[in-house]
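In what follows, a single structure is set out as structure tokens and then discussed.
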Amino acid sequence: MKNKWMMITVVLVLVAALALTGCMKPEEEETTAPEAEETTEAVESADEPEATEAPAYEVSVITVTEDTFDELVRSSEGLILVDFWAEWCGPCRVVGPILEEVSAETGVTIAKVNVDENPNLANEFGISAIPAIYAFVDGEHVDTVLGAASKDVFIAFVNQYK
């Protein structure tokens, strides 16, 4: 019985580690995991006052390809987050809805780039682990968040550049 619980604990730790570090592209072999931004989850208790509602914006999520990247990202004014992702990546599927919430709360546009369908863009930006969320300001790459992160982390990330 003790071995059963030990095995369950090991499996849960491995699943949590995968979710926090993101997915490695399957065709690449790396011996070390890329550095990930430190993430913190906000924990609300019953004693804390409720946060005030942020102004609601329309969710702005666009699909970007190698043919449209220059027009939609490099020629854009202001802040845009580019989400490098793939369908097979579990953490990418977790981050997608979080980024939509961030868009709704901050008004930032999310540009989604499927790395399997756009390998030249993935190569240009050196994408070796996903999800990788790149911040572009006035068409220039200024910062990156690697791996899955909480909504609070992404909102703080956006607020640095708004």
Side-chain angles (χ1 to χ4, degrees), residues 10-43 54 56-76 78-137 139-162:
V10 168
V11 169
L12 289 175
V13 168
L14 290 174
V15 168
L18 176 62
L20 291 175
T21 60
C23 294
M24 298 299 292
K25 291 176 73 172
E27 65 274 1
E28 294 187 17
E29 295 180 26
E30 290 196 13
T31 56
T32 60
E35 290 185 28
E37 294 284 325
E38 189 174 311
T39 62
T40 57
E41 297 274 340
V43 179
Y57 295 92
E58 194 167 312
V59 174
S60 179
V61 178
I62 59 176
T63 299
V64 178
T65 66
E66 292 168 354
D67 294 332
T68 62
F69 191 85
D70 285 345
E71 174 189 347
L72 297 175
V73 176
R74 287 196 175 111
S75 297
S76 67
L79 175 65
I80 186 167
L81 297 184
V82 178
D83 177 15
F84 290 93
W85 70 285
E87 283 190 40
W88 50 262
C89 170
C92 297
R93 291 192 305 267
V94 170
V95 166
I98 293 171
L99 291 175
E100 289 179 14
E101 291 178 27
V102 170
S103 176
E105 290 185 23
T106 65
V108 70
T109 296
I110 311 297
K112 310 251 321 152
V113 176
N114 185 317
V115 296
D116 291 333
E117 296 171 0
N118 300 281
N120 292 331
L121 278 176
N123 287 335
E124 178 182 342
F125 289 100
I127 304 298
S128 62
I130 52 177
I133 295 76
Y134 279 43
F136 281 77
V137 175
E140 296 292 324
H141 174 230
V142 295
D143 207 350
T144 305
V145 171
L146 294 177
S150 70
K151 181 171 80 171
D152 291 338
V153 168
F154 286 119
I155 288 177
F157 184 65
V158 165
N159 288 337
Q160 291 179 44
Y161 301 102
K162 272 191 112 181

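Remember, it's a predicted structure, so these values are computed and weren't measured experimentally.
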Would you mind reporting whether [Y] and [X] have side-chain heavy atoms less than 4.5 Å apart?
X    : Y    : answer
E87  : D116 : no
V82  : V64  : no
N114 : W85  : yes
Y161 : L81  : no

Please name the pair of heavy atoms, one in [X] and one in [Y], separated by the smallest distance, quoted to 0.1 Å.
X    : Y    : result
G107 : K162 : N-NZ, 4.4 Å
A148 : P131 : N-CG, 4.0 Å
F154 : V102 : CB-CG2, 3.7 Å
T144 : F157 : N-CZ, 3.9 Å
A149 : V95  : N-CG2, 4.2 Å
S150 : I98  : C-CG2, 4.2 Å

Quick check for you: to the nearest 0.5 Å, what is the distance between [X] atom [atom1] and [Y] atom [atom2]?
X    : Y    : atom1 : atom2 : answer
D83  : I110 : CG    : CD1   : 7.5 Å
L72  : D67  : CG    : CG    : 10.5 Å
E117 : K112 : CD    : NZ    : 11.5 Å
I133 : L99  : CD1   : CG    : 5.5 Å
L146 : S128 : CG    : OG    : 8.0 Å

Check for a donor-acceptor pair, side chain of [X] on one end and backbone N or O of [Y] on the other, with a separation under 3.5 Å.
X    : Y   : result
T109 : I80 : no
N118 : E66 : yes
S75  : D70 : yes

What class does the angle between the rings of H141 and F136 fall in, given that below 30° is parallel, 30 to 60° is tilted and above 60° is perpendicular?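 If you compare the ring of H141 with that of F136, the planes turn out tilted.
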Return the orientation label for the F84 and F125 ring planes: parallel under 30°, perpendicular over 60°, tilted otherwise.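 F84 and F125: tilted rings.
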